[in-house]
Visitor: 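A single structure is presented below for examination.
Since this is a predicted model, take the numbers as computed values, not measurements.
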Amino acid sequence: MESRVLTGGATAIRGGLPLLRKPAAVMKFTTAATCGINRDFPAGAVTAILLETSPKRESIKPCSAAASSSAGSSDSSGDAKVGFFNKATLTTGFFFFMWYFLNVIFNILNKKIYNYFPYPYFVSVIHLAVGVVYCLVSWTVGLPKRAPIDSTQLKLLTPVAFCHALGHVTSNVSFAAVAVSFTHTVKALEPFFNAAASQFILGQQIPLALWLSLAPVVLGVSMASLTELSFNWLGFTSAMISNISFTYRSIYSKKAMTDMDSTNVYAYISIIALIFCLPPAIFIEGPQLLQHGFNDAIAKVGLTKFITDLFWVGMFYHLYNQVATNTLERVAPLTHAVGNVLKRVFVIGFSIVIFGNKISTQTGIGTCIAIAGVAIYSFIKAKMEEEKRQKKAA
């Protein structure tokens, strides 16, 4: 799931997790580990994030330190000067580590499942279903407390959820059809679609510098596609549809600002998206699954591993989106951009190493050019957003 900044008052969409917040409130987060939640899963990953709104822009502290003084805090705009090894910096570093770790593990486990169970519509449903169950359990125990939703909010969130569902399913279709590294290379084109939508749909003027920075992205993806050994049109077109879907998700999210905290917003979006994903999974893959899909998977890996893999891939999908949000709300826009580019580099690199994917020299060069272009675009856009924010504050 992918990242994009929402201007015009909305907070941000990062790593596939929409944050639909009015600008008056800024969220702060505490980890479940310090708040009494105990849910075990591999490698000690963070299991839950509790969010509460704050009328004041401030740094994020674990709840165990909530009563401490604000001397070690720093706002996300970087106004406060702090040492590298203070608690806030180390905590932010931990969040970045967990974001990358969970994202890499999700992509690797997801592809391993597709190698013996090539049913992306059904697996997409599992991703969302596990997250929905997780949210329902969290609501049941009051961590966080469920926010009520009215018909107006439901109408606003439904288009966002539909685009989220379409982008998620088509991403998984691409992951199942081609190498993970190639899908992520194609999805590096998302900034191009975002810029095009902003210019031609929303009527926002995009500076020439931003358009020029997108040229290497288009060039790099084209080079990588021409010589990609795992290339097929299904994987390529699905990744492109995913890019378009997430672009429209950003557009609709700008119209769907709400006072609801992001944990509740994401829970409702996941529930609605799950409803959208069920029909195609049932009608497109249902007959095949009943005839031989489930039996073939169980024969290859066993029932226990099959169920365990599906549970954990869903859990990692939900957790990496949640931790990505917590990570990216802690830092300034430029750091957002750096973090997201590095995340894609990590995923591409680890997928090539883990799966031993053979890539041509031209594909490797094209991938590097595309990633470099995304980095340049992200830096320019982040600086522009920061300048706008400073002008408004002045």
Side-chain angles (χ1 to χ4, degrees), residues 1-3 6 10-22 25-32 35-37 39 41 45-54 60 98-99 102-103 106 124-169 246 249-250 252-253 255-278 311-329:
M1 315 300 293
E2 307 300 317
S3 70
L6 302 185
T11 311
I13 286 187
R14 294 285 183 181
L17 176 58
L19 296 186
L20 311 176
R21 299 277 299 154
K22 291 184 178 179
V26 177
M27 290 172 289
K28 61 182 180 179
F29 306 82
T30 57
T31 61
C35 297
I37 297 178
R39 179 189 295 268
F41 62 96
V46 179
T47 58
I49 306 294
L50 308 180
L51 302 92
E52 63 184 48
T53 59
S54 170
I60 304 157
M98 292 308 303
W99 175 32
L102 292 170
N103 192 276
F106 163 74
S124 297
V125 168
I126 295 298
H127 291 163
L128 293 169
V130 172
V132 167
V133 171
Y134 180 90
C135 292
L136 293 176
V137 172
S138 299
W139 278 343
T140 301
V141 298
L143 298 171
K145 183 178 179 180
R146 186 183 72 85
I149 185 170
D150 56 32
S151 59
T152 301
Q153 291 173 321
L154 184 61
K155 290 178 181 178
L156 290 173
L157 292 180
T158 297
V160 180
F162 175 79
C163 294
H164 180 71
L166 181 59
H168 179 54
V169 169
F246 288 135
R249 185 185 64 178
S250 295
Y252 285 119
S253 295
K255 303 176 182 179
M257 292 183 296
T258 174
D259 289 324
M260 196 184 302
D261 65 77
S262 65
T263 298
N264 277 288
V265 168
Y266 186 56
Y268 285 120
I269 287 177
S270 296
I271 293 171
I272 301 170
L274 177 60
I275 295 172
F276 282 124
C277 288
L278 279 171
F311 170 78
W312 282 119
V313 77
M315 184 61 74
F316 280 122
Y317 170 76
H318 180 81
L319 290 174
Y320 100 72
N321 276 294
Q322 187 106 29
V323 174
T325 303
N326 301 335
T327 303
L328 294 168
E329 283 194 342

Visitor: If I take atom CZ from residue F316 and atom CZ from residue F311, how far apart are they, to the nearest 0.5 angstrom?
Guide: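 Reported to 0.5 Å precision, the distance equals 9.5 Å.
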
Visitor: Closest approach of W99 and Y320, non-hydrogen atoms and distance?
Guide: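 Closest heavy-atom pair between W99 and Y320: CD1-O, 3.9 Å.
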
Visitor: If you round to the nearest 0.5 Å, how far is OG of S124 from CG of L274?
Guide: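 The OG atom of S124 is 11.0 Å from CG of L274, to the nearest 0.5 Å.
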
Visitor: With sequence neighbours excluded, what pairs up with H127 under the side-chain hydrogen bond (donor to acceptor under 3.5 Å, both in side chains) test?
Guide: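 Checked H127 against side-chain hydrogen bond (donor to acceptor under 3.5 Å, both in side chains); matches are N110, H168.
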
Visitor: Does Y268 form a side-chain contact (heavy atoms from CB on, under 4.5 Å) with R146? I'd like the steps, not just the answer.
Guide: CA-CA 10 Å; Y268 285 120; R146 186 183 72 85; 2.8 Å; yes

Visitor: Taking all non-hydrogen atoms of both residues into account, name the closest pair between W139 and A267 and its distance.
Guide: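 Scanning both residues, the minimum pair turns out to be CZ2-CB, 3.5 Å.
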
Visitor: After noting the C-alpha distance and the side-chain angles of H164 and Y252, does the key distance pass the side-chain contact (heavy atoms from CB on, under 4.5 Å) rule?
Guide: CA-CA 11 Å; H164 180 71; Y252 285 119; over 6 Å; no

Visitor: Rounded to the nearest 0.5 Å, what separation is found between the CG atom of N321 and the CG atom of N103?
Guide: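 One gets 8.5 Å once the value is rounded to the nearest 0.5 Å.
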
Visitor: What is the minimum heavy-atom distance between C277 and L128, and which atoms define it?
Guide: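 Where C277 meets L128 most closely, the heavy atoms are SG-CD1, 3.6 Å.
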
Visitor: If I compare all heavy atoms of K145 with all of N264, which pair ends up nearest, and what's the gap?
Guide: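 For K145 and N264, the tightest heavy-atom pair comes out as O-ND2, 3.3 Å.
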
Visitor: Considering non-hydrogen atoms only, spot the tightest contact between Q153 and P148 and give its length.
Guide: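 Minimum heavy-atom contact is OE1-O, 3.5 Å.
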
Visitor: Give the minimum heavy-atom separation between A273 and A165, together with the two atoms involved.
Guide: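 Scanning both residues completely, I find the closest heavy atoms to be O-CB, 3.7 Å.
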
Visitor: Applying side-chain hydrogen bond (donor to acceptor under 3.5 Å, both in side chains), can you list everything that pairs with S270, at least two apart in sequence or on another chain?
Guide: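 So S270 forms no side-chain hydrogen bond (donor to acceptor under 3.5 Å, both in side chains) with any residue.
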
Visitor: I272: what forms a side chain to side chain contact (heavy atoms under 4.5 Å, CB included) with it, not counting sequence neighbours?
Guide: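 Side chain to side chain contact (heavy atoms under 4.5 Å, CB included) list for I272, sorted by chain: L154, L157, T158, A161, F276.
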
Visitor: If you round to the nearest 0.5 Å, how far is CG of L166 from CZ of F246?
Guide: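 Answer rounded to 0.5 Å: 8.5 Å.
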
Visitor: Nearest 0.5 Å please: distance from the NZ atom of K155 over to the CD1 atom of I149.
Guide: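 Nearest 0.5 Å value for the NZ-CD1 distance: 12.5 Å.
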
